[in-house]
Amino acid sequence: MTTSFFRTALILGLLSAIGPFAIDMYLPALPSIGQDLGAENHIVQLSLLAFFISFALSQLVYGPLSDMWGRKAPLYIGIGLFSVASIGCALASDIETLIAFRFLQGIGGAAGMVIPRAIVRDMHTGVQAARLMSLLMLVFSISPILAPLTGSAVIEFYGWRGVFWAVMIASFIGLILLATQLQETRPKAHRAESGLGSAMVAYGVLLRDKNFLTLTFIGGLGISSFLVYLANSPFVLIDHYGLTPTQYSFAFSINAVSFFGVSQATGWFGERYGLVRVMRVAVTAFAVTMATMAIVMSLGFNQLPVMAAFLFVGYGCLGLVIPTTAVLALEDHGEIAGTASSLMGTLHFVTAAVAMVVASAFFDGTAVPMAMGIALCAVGALLLTQATIGRRRAIAAAE
């Protein structure tokens with residue numbers, strides 16, 4: 001692979017990580033935010049949910065805009081808005097203001113999630129796209145690996161408000177990289193064919209494409225399992241198991257290392273066995289691991305090392321599921337890659353938001369409800385895979 005290939009993956013991965021960085025770096029601060037602003041835990045979690053909701057819905061806008069205006073202009077708009085909202089979060093004096101600016105932050109951060117996937121599709125398809133997507137995810141891994149550690153260090157010295165000043169700086173770095181290092185991949189001739197009407201037509205095509213929807217929801221349920229863990233783990237690991245914010249950051253990072261480490265084998269496995277087969281095996285292993293974890297923990301074996309071991313293995317399997325489903329879903333939609341990436345991202349995060357709300361309704365301060373929520377998402381992905389993949393020629397042909 002050429003230097004240009006790696007450089008593109010580095011830049012796209014960093015741009016993709018800006019929005020999630022504002023989630024992962026912020027996690028160790030959740031208990032202290034509640035204490036400082038006088039808010040209950042479930043109210044503090046609304047600041048996380050507000051980000052997810054706007055992050056999900058805004059992706060519907062950025063994709064068509066990137067098809068109409070090119071890939072770079074919407075990235076400038078989104079990351080710029082993210083920077084301004086980060087300042088508002090840092091200066092918030094009450095939980096309501098924080099929630100409002102977190103909502104705006106999500107709108108801005110969505111650009112970095114949607115458009116890099118479209119750029120990957122602009123440049124490559126098939127196994128090469130899977131390689132680039134997995135490399136992008138490796139760079140993207142700096143968020144769940146380093147962000148909680150960085151966040152806990154920032155909180156130690158500057159308090160939770162320092163987290164938002166830090167993500168503002170990260171967004172400025174993203175703007176500089178965007179301006180100086182990234183080339184436009186959407187030719188003007190292709191933009192001329194895109195407009196509001198064509199975007200609506202494209203969404204209609206995608207919503208009738210069972211292949212696209214199936215792969216999107218399989219990936220979305222996988223992501224949901226991770227985000228259920230993300231939303232509940234600060235309270236489970238810090239309040240229930242008694243970890244410090246720094247210890248929590250290390251525990252969170254271990255799962256991210258597994259996820260993104262295994263994802264780097266996507267290209268090799270895909271070339272050797274085919275992407276569809278890799279996805280089927282990975283989904284099965286993921287679901288079996290997480291279901292076993294939930295059963296074992298519900299039987300009383302709910303010590304932290306037990307849960308950590310299952311999560312490490314399960315999220316490693318998930319590292320093969322996410323890039324393969326994304327590449328296969330976008331494979332047949334190169335002309336509307338931005339719009340397809342938008343709808344995929346929105347469906348991913350709407351699914352995750354529903355899962356987070358349901359899981360939080362059963363949260364009792366212990367680890368078992370969280371484990372059950374993770375397992376249900378994983379089993380749902382497996383059931384959808386078994387019911388559809390292999391029975392549809394469109395999916396088989398994508399292999």
Side-chain angles (χ1 to χ4, degrees), residues 13-14 16-17 20-31 48 134-156 163 222-266 282-283 285-294 296-297 301-323 352 355-356 359 366-375 377-378 381:
L14 291 175
S16 298
F21 205 75
I23 301 170
D24 302 328
M25 193 174 177
Y26 161 82
L27 293 177
L30 286 176
L48 188 60
S134 60
L135 276 174
L136 185 154
M137 292 179 68
L138 178 62
V139 180
F140 182 82
S141 70
I142 64 169
S143 176
I145 293 173
L146 296 182
L149 295 171
T150 305
S152 61
V154 170
I155 293 163
E156 181 71 24
V163 168
I223 289 173
S224 297
S225 76
F226 192 77
L227 295 185
V228 166
Y229 173 71
L230 183 149
N232 291 279
S233 60
F235 303 103
V236 171
L237 271 64
I238 295 174
D239 293 340
H240 179 63
Y241 287 116
L243 300 187
T244 66
T246 300
Q247 290 171 333
Y248 164 78
S249 300
F250 277 108
F252 188 88
S253 300
I254 289 171
N255 293 321
V257 169
S258 175
F259 180 96
F260 293 104
V262 175
S263 75
Q264 296 315 293
T266 302
V283 169
F286 169 58
V288 169
T289 301
M290 294 312 198
T292 304
M293 175 187 70
V296 168
M297 294 184 67
F301 301 95
N302 54 7
Q303 295 84 357
L304 179 57
V306 173
M307 182 180 73
F310 278 110
L311 290 174
F312 183 84
V313 174
Y315 285 134
C317 297
L318 185 62
L320 293 174
V321 175
I322 303 304
M356 289 166 61
T366 69
V368 173
M370 180 181 76
M372 293 297 293
I374 292 170
C377 292

Check: Between the main-chain N or O of F312 and the side-chain N or O of S258, is there a donor-acceptor pair closer than 3.5 Å?
Finding: yes
Please round to the nearest 0.5 Å and tell me the distance separating atom [atom1] of [X] and atom [atom2] of [Y].
X: L237; Y: L243; atom1: CG; atom2: CG; result: 5.0 Å
X: I374; Y: T289; atom1: CD1; atom2: OG1; result: 12.5 Å
X: L48; Y: N232; atom1: CG; atom2: CG; result: 9.5 Å
X: L318; Y: I223; atom1: CG; atom2: CD1; result: 7.5 Å

For the residue pair [X] and [Y], what are the closest heavy atoms and their distance?
X: L320; Y: A282; value: CB-CB, 3.7 Å
X: M372; Y: A294; value: SD-CB, 3.6 Å
X: C377; Y: A355; value: SG-CB, 4.0 Å
X: A359; Y: V228; value: CB-CG1, 3.8 Å
X: P234; Y: L230; value: CD-O, 3.3 Å
X: M290; Y: A375; value: O-CB, 3.5 Å

Next item on the list: May I have the step-by-step check of side-chain contact (heavy atoms from CB on, under 4.5 Å) for I322 and T266, ending in yes or no?
Entry: CA-CA 10 Å; I322 303 304; T266 302; over 6 Å; no
Check: Using 30° and 60° as the class limits, which term best fits the ring planes of Y229 and Y315: parallel, tilted or perpendicular?
Finding: tilted
Would a 4.5 Å heavy-atom cut-off, applied to side chains only, mark [X] and [Y] as touching?
X: L30; Y: I238; result: no
X: M307; Y: Y241; result: yes
X: N302; Y: T366; result: no

Note to self: Can you confirm whether more than 12 heavy atoms, excluding those of E156, are under 6.0 Å from its CD atom?
What the structure shows: no
